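The structure appears right after this line, and notes come after that.
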2 protein chains.
Amino acid sequence: MDILHTLGEIGLGSRLKRVSDLLMKITQQIYTNQNIDFDPYLFPAFNTIAKLEKTTNTEIREVLHITQPAVTQNINKLLQKELIELQVDDIDKRKKWITLSKKGEKTFNQLQPLWNILDRAVKKYTVFSAESLIEHLNYFEEQLKNGNYMETIQEQIKTELAISIVSFEEQYASYFYDFNVEWLESFFYVEDYDREVLSKPQQYIIEPGGHIFYAKQNNEILGTVALLKNKEGVFELTKMAVSPKHQGKKVGQLLMQYCIDFAKENSFEKLFLYSHTKLANAIYIYRKYGFIEIDVEADSPYERSDIKMELVF
Amino acid sequence: MDILHTLGEIGLGSRLKRVSDLLMKITQQIYTNQNIDFDPYLFPAFNTIAKLEKTTNTEIREVLHITQPAVTQNINKLLQKELIELQVDDIDKRKKWITLSKKGEKTFNQLQPLWNILDRAVKKYTVFSAESLIEHLNYFEEQLKNGNYMETIQEQIKTELAISIVSFEEQYASYFYDFNVEWLESFFYVEDYDREVLSKPQQYIIEPGGHIFYAKQNNEILGTVALLKNKEGVFELTKMAVSPKHQGKKVGQLLMQYCIDFAKENSFEKLFLYSHTKLANAIYIYRKYGFIEIDVEADSPYERSDIKMELVF
DNA sequence: TATATTTGCATAAGTACTTATATAAATACT
DNA sequence: AGTATTTATATAAGTACTTATGCAAATATA
């Protein structure tokens with residue numbers, strides 16, 4: 001029995017608030033499940049800043065139709081989470097220009113697909129023909145309460161956000177080239193030999209007994225890695241590259257974990273890799289996964305490497 | 001520009017809360033305008049207590065689907081306003097039975113017609129065919145913001161709640177009898193002469209040059225009063241009675257004010273009245289309107305009076 | 001050009017919920 | 001019967017808004 005349903009329309013204010021609270025709570029749970037440090041009530045302000053690229057407290061107040069102190073509080077929360085940055089206007093020293101921080105942009109891109117899922121789930125239970133606001137509200141609240149809404153989202157997350165690892169197929173060959181060249185170009189320079197190997201993965205990696213894996217999410221390829229056969233049971237982990245669009249999703253770590261699992265399953269003796277000390281983040285990850293630094297041989301095949309690591313099983 | 005409208009469905013939680021806040025604020029304003037000491041957010045709890053007649057904290061929590069501390073807080077607010085009373089259960093000493101207080105019942109009855117108006121106004125802007133919750137919400141919020149909702153309510157209040165004073169008409173004669181007899185019966189006893197005068201107001205009041213006024217609200221008569229001619233420019237204010245159904249609306253004071261205004265307009269010399277000291281409230285009101293106590297003559301026409309008051313202009 | 005007003009943002013305190021926890025009485029368990 | 005658990009309510013603290021107010025910079029006014 002839910003008296004608010006029988007109170008007639010006077011209780012509408014309370015009903016609206018109750019449904020709002022419930023929706024916010026469920027959304028918060030979803031962020032938490034996805035390990036995303038974000039609050040649903042920050043969405044309007046955060047999204048506004050992202051869409052306007054550069055804005056001010058007052059402008060947010062105007063477009064969101066909330067009070068100015070509410071905006072200030074939202075901004076403080078976003079600052080705390082390091083998602084935005086402030087800069088005082090050169091001319092008008094009262095004004096503070098608000099922009100997304102690097103982390104904010106990353107989070108924004110990371111959140112986008114989840115928001116699409118949330119958006120579709122809300123639509124699923126709110127877009128239908130009804131004869132009154134109360135009727136719409138009753139139905140939506142019911143779906144929030146009985147778990148249908150949550151279930152719909154979780155299913156979508158599973159099919160759309162889950163990242164799976166797939167083996168080399170001819171149709172994916174170009175990603176191997178594109179991701180690696182893009183990465184090489186930004187950190188080093190691309191040699192002709194690189195282009196040759198990357199454009200013919202079948203010939204240079206697969207046929208000599210190696211493997212190429214791809215991280216795939218919802219029919220999109222996010223990143224790739226190769227295991228190049230050195231000798232029986234010894235493979236070089238190489239050509240790891242992640243699409244810049246999908247940085248921040250820990251795609252590299254997922255590929256790394258898969259390679260290690262694959263090596264163990266196939267009773268490999270060891271894996272090794274070449275890297276460069278200026279790629280501190282990458283080396284940190286390699287260490288995290290158990291790779292240990294060893295001497296680089298004099299006749300190292302890579303000019304751009306100054307460090308060699310191995311993982312012995 | 002209202003970005004929340006363009007945020008898609010993710011902003012729905014914020015939208016719902018914003019509309020709730022606005023609706024609550026407007027409703028609060030209406031209570032304030034009507035001089036009613038009540039808060040819209042107390043409506044669910046208050047209404048539940050009234051409907052169930054006797055209930056407990058836990059039961060309210062169950063039927064309203066809010067948390068128990070929220071109920072406790074609602075109860076405390078209602079206690080503060082003296083609208084409810086608590087009584088510990090005889091057997092289970094943890095339980096507190098909640099009932100409306102006398103004032104609570106009065107307020108509940110007083111609020112009923114206003115709630116009807118609010119209910120109809122909400123329905124007016126929320127009951128229509130729409131293809132989504134957002135569509136319903138957009139329209140309703142728009143009506144709240146542009147003032148249409150408020151205007152609708154104010155118009156209805158004017159036509160339904162405004163109390164006007166009308167002069168004697170034959171069709172109202174029975175009210176004069178009914179209200180007065182009901183009142184006399186509860187405080188004194190009804191003499192045969194009372195019944196004679198009250199049943200023939202035309203003959204006993206109007207024809208000798210007196211007046212009878214009625215308080216009328218939305219085609220309903222709430223109360224009555226008579227000015228009985230004593231001599232030229234001197235009238236006895238008598239037979240004031242208000243329907244028990246409409247106590248608490250200050251109908252008596254409205255009638256009193258009308259009589260005084262009427263007396264001034266017609267250049268009366270003075271008004272006087274007979275009452276009884278046990279009717280302390282009534283006498284307080286008479287004093288408030290300027291009546292001053294004078295000696296009761298030996299041959300007072302009323303057995304049930306022990307006080308006489310007059311207002312000289 | 002000095003003063004008043006407006007503007008942009010911050011701070012403080014209030015509100016009506018929430019979660020977490022406390023307290024005391026009733027009930028269940030052994 | 002004595003102890004543990006459950007139940008009914010209260011209290012405390014947190015949250016995300018609100019209103020009210022403060023403050024400094026910019027702009028209008030005289």
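Chain letters run A, B, ... following the sequence lines, proteins first and then strands; every chain starts at 1. Computed from a predicted model, the values in this text were never measured in an experiment.
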Using atom types as modelled, flag every donor-acceptor pair under 3.5 Å from a side chain in residues 151-162 of chain B to any protein atom, sequence neighbours excluded.
residue	atom	partner	partner atom	Å
T152(B)	OG1	Y125(B)	OH	2.7
T152(B)	OG1	N148(B)	O	2.8
Q156(B)	OE1	R120(B)	NH2	2.9
T159(B)	OG1	E155(B)	O	3.4
T159(B)	OG1	Q156(B)	O	3.2
E160(B)	OE1	R120(B)	NH2	3.4
E160(B)	OE2	R120(B)	NH2	2.3

Please table the atom pairs, donor to acceptor, closer than 3.5 Å between any side-chain atom in residues 66-74 of chain A and protein atoms at least two apart or in another chain.
residue	atom	partner	partner atom	Å
Q68(A)	NE2	T72(A)	OG1	3.0
T72(A)	OG1	N57(A)	ND2	2.9
T72(A)	OG1	Q68(A)	O	3.3
N74(A)	ND2	A70(A)	O	2.8

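Residue pairs that meet the salt bridge (charged side-chain N to carboxylate O under 4.0 Å, His left out) test with at least one member in residues 31-42 of chain B, sequence neighbours left out, are D37(B)-K81(B), D39(B)-K81(B). Counting only residues at least two apart or in different chains, ring pair (Phe, Tyr, Trp, His ring centres under 6.0 Å) contacts with residues 67-92 of chain A are absent. Sorted by first and then second residue, the ring pair (Phe, Tyr, Trp, His ring centres under 6.0 Å) pairs involving residues 15-39 of chain A (not counting sequence neighbours) are Y31(A)-F38(A), F38(A)-F46(A).
Bending across the helix from dT1(C)-dA30(D) to dT30(C)-dA1(D), expressed as the angle between its end axes from five pairs apiece, amounts to 0° (10° rounding).
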- Query: Taking protein heavy atoms under 4.0 Å as touching, what does nucleotides 10-22 of chain D look like 5' to 3' if B marks base contact, S marks sugar-phosphate-only contact and - marks none?
  - Reply: BB----SBBBB--
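Atom P of nucleotide dT7(C) and atom NZ of K95(A) are separated by 13 Å, given to the nearest angstrom.
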Between the protein and nucleotides 23-25 of chain D, list the N/O to N/O atom pairs that are separated by less than 3.5 angstrom.
residue	atom	partner	partner atom	Å
dA25(D)	N3	R94(A)	NH1	3.3

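A search for ring-ring contact (aromatic ring centres under 6.0 Å, His included) contacts involving Y289(B) returns nothing, not counting sequence neighbours. Shown here are the side-chain hydrogen bond (donor to acceptor under 3.5 Å, both in side chains) partners of T107(A), two or more places apart in sequence or in another chain: there are none. Among residues two or more places apart in sequence or in another chain, the ring-ring contact (aromatic ring centres under 6.0 Å, His included) test is passed with Y258(A) by F213(A). Scored by the ring-ring contact (aromatic ring centres under 6.0 Å, His included) test, W115(A) finds F43(A), F108(A) as partners (sequence neighbours excluded).
Using a 4.0 Å cut-off between charged side-chain N and carboxylate O, E85(B) and K102(B) make no salt bridge.
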